[in-house]
Amino acid sequence: MESWLPGSSGPAEAGPRLRGLRGADLAASACLLSGAGAEAGCSAPAVAAVLPAGGSGERMGVPTPKQFCPILERPLISYTLQALERVSWIKDIVVAVTGENMEAMKCIIQRYQHKGISLVESGVTRHRSIFNGLKALVEDQPNRRLSKPEVVIIHDAVRPFVEEDVLLKVVTAAKEHGAAGAIRPLVSTVISPSADGCLDHSLERVRHRASEMPQAFLFDVIYEAYQQCSDYDLEFGTECLHLALKYCHIKAKLIEGSPDLWKVTYKRDLYAAESIIKERISQQICVVMDTKEDEEHVGHRLEEMLKNELNHVKVTSGRDLQQIILEECYNFVCVNVMTSDFEETQKLLNMLEESNLSILYPVVVISVQFLDYESVPFGQKMENLMRIREFAKEVKKTNILLYGLLVYYPQVKTQVKHKNDLCSVWRRCCD
């Protein structure tokens, strides 16, 4: 086994909240996630995850294996690793990749600062890759950092949208039943053709389900199943739950999964995944302003307008920027009011670069400057435009997308009448 452990430094991450948990699930969550679980009488199992990532992506029709295809200039597998890393009770993550992609995977781990990842060489089939990952968790290795878990999660490297609540449900069910897996309703009816290419029979769709990932098992159950597995099953099989049933007589508990569990399979799925990621990181906008809240200025009209116009987005004031960055806000509107040299924008850009927030996702910053056309000459206006362009070129290297908006307006007391003009300018900027 080959292990790759990058440095521990990285962006502060706030994991996704547990959604849809009630009753026993919520109690199980408290036991699993709390370090004081044992004191409370709860048994918190040691949990590891295995990701087979040795596929060639033939169905996608591109030369790059789909797990390494870029989405927003970041490999798909990195998003999946991030989803698992955010779950504090998953202690180890083992990724099985081909020998030829081992160095590429190490570079991904290092560049995106993934932690607690171990690499093993994949097999020629999915089941052989998973078996290699399981063996890495039990075999004695020099300088080994892995330990045998009580429960192991098996997940696909190309399912990046798995949430913690689904992982919790399958792990909890696996501890009770020995095996568990996520399922979804069938979208299309499954039919069986005869040897001559005619319809033999069809399945009643309402009685069947599509098997999805993640799946979880008591480690001893799935490891024994793979040890007993026939060469035929290792070569042609794809369903881990079936191995637990066939070789260990364990009937897996089936957990209804969410629509987000779909697998990136075809090229069009990459575009769909990109849309989902963009939507997720666009749910919050932070407005940073260099004036006090009680000061009367047209800049506050901009914040008010954003809250009214973008009612599906959370608009917050950047009074505690460190906390907002910690909560992973990726969109900022920086209003420069008191000065004409983008001082507030520069301050924000410095904080973002120091936080490493843009390592994982692009950060969008719109720098807004209000200029009184009666006191600011036209030449200075053009100079400001050129300066913001230079800023933008520089920070783009760190995955920060900077845009400039100059609002030229008269400094009069009746600023309310300019609200409609401001709205139209803002819409043109966003478009």
Side-chain angles (χ1 to χ4, degrees), residues 3-16 49 51 53 64 67-88 90 93 95 97 101-119 157-164 264 270 273-286 288 318 320-334 345-367 391-403:
S3 183
W4 180 257
L5 300 175
S8 60
S9 62
E13 293 184 355
L51 267 69
T64 304
Q67 60 270 26
F68 299 116
C69 285
I71 299 178
L72 297 178
E73 302 184 11
R74 178 179 160 200
L76 174 60
I77 192 171
S78 176
Y79 292 96
T80 308
L81 290 177
Q82 182 192 11
L84 296 176
E85 283 177 315
R86 285 175 158 178
V87 182
S88 61
I90 297 178
I93 301 172
V95 182
V97 295
N101 289 322
M102 191 70 69
E103 289 303 316
M105 191 66 229
K106 289 178 180 180
C107 290
I108 291 170
I109 291 171
Q110 186 175 42
R111 178 175 179 181
Y112 298 102
Q113 301 184 4
H114 295 298
K115 298 175 287 293
I117 311 297
S118 296
L119 302 182
V158 290
R159 297 180 191 259
F161 302 120
V162 61
E163 294 283 2
E164 185 174 358
V264 175
L270 291 173
E274 180 176 321
S275 296
I276 293 173
I277 292 169
K278 284 182 176 179
E279 181 181 2
R280 289 188 173 189
I281 63 176
S282 301
Q283 296 304 305
Q284 182 177 359
I285 296 175
C286 174
V288 182
D320 187 353
L321 270 180
Q322 291 285 5
Q323 181 60 33
I324 290 171
I325 291 174
L326 187 67
E327 293 173 356
E328 296 185 359
C329 176
Y330 292 93
N331 307 281
F332 296 84
V333 176
C334 189
T345 299
Q346 287 179 301
K347 189 189 307 180
L348 173 62
L349 292 175
N350 290 338
M351 292 183 66
L352 291 172
E353 289 178 333
E354 291 173 3
S355 72
N356 289 328
L357 183 67
S358 59
I359 286 178
L360 297 178
Y361 300 101
V363 176
V364 176
V365 176
I366 299 179
S367 178
F391 285 154
K393 290 178 183 178
E394 189 63 29
V395 297
K396 190 175 182 180
K397 299 174 185 177
T398 59
N399 208 23
I400 297 175
L401 307 179
L402 175 62
Y403 301 89

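- We find the OG-CZ distance between S275 and R280 to be 12.5 Å, quoted to the nearest 0.5 Å.
- For L357 against C329, the heavy-atom pair with the smallest separation is CD2-O, 3.2 Å.
- Contacts of K396 classified as salt bridge (charged side-chain N to carboxylate O under 4.0 Å, His left out), with partners at least two apart in sequence or in another chain: none.
- L402 and A392 get closest at one heavy-atom pair: O-CB, 3.5 Å.
- Put simply, the side chain of N331 gets close to the backbone of Q284: a donor and an acceptor are under 3.5 Å apart.
- In plain terms, the two heavy atoms of Q113 and K115 that are nearest each other are O-NZ, 3.5 Å.
- Between P362 and L401, the closest heavy-atom pair is CB-CD1, 4.3 Å.
- A donor-acceptor contact closer than 3.5 angstrom is absent between the side chains of Q283 and E279.
- Side chain of S358 to backbone of T398: a donor-acceptor contact under 3.5 angstrom is found.
- Looking at V364 and Y330, their side chains never come closer than 4.5 Å, going by heavy atoms from C-beta outward.
- Under a 3.5 Å cut-off, the side chain of Q67 and the backbone N or O of A53 do form a donor-acceptor pair.
- Across every non-hydrogen atom of I400 and E353, the tightest pair is CD1-CG, 3.9 Å.
- For the pair C286 and L321, the minimum side-chain heavy-atom distance is below 4.5 Å.
- For the pair Y79 (side chain) and I71 (backbone), a donor-acceptor distance under 3.5 Å is present.
- Annotation: side chain of I77 is in contact with side chain of V95 (closest heavy-atom distance under 4.5 Å).
- Minimum heavy-atom separation, R111 to I359: O-CG2, 3.6 Å.
- Between the CG atom in L348 and the CE atom in M351 there is a gap of 7.5 Å [rounded to 0.5 Å].
- Between the OG atom of S355 and the CD1 atom of I324 there is a distance of 12.5 Å, given to the nearest 0.5 Å.
- Taking NZ of K106 as the start and CD1 of I109 as the end, the distance is 9.0 Å to the nearest 0.5 Å.
- Taking CG from L51 and CG from L81, the interatomic distance works out to 6.5 Å, rounded to the nearest 0.5 Å.
- Side-chain atoms of E164 do not come within 3.5 Å of backbone N or O of R86 as any donor-acceptor pair.
- To the nearest 0.5 Å, atom OH of residue Y112 and atom CD of residue E85 are 13.5 Å apart.
- Applying the salt bridge (charged side-chain N to carboxylate O under 4.0 Å, His left out) criterion to R74, with sequence neighbours excluded, gives no partner residue.
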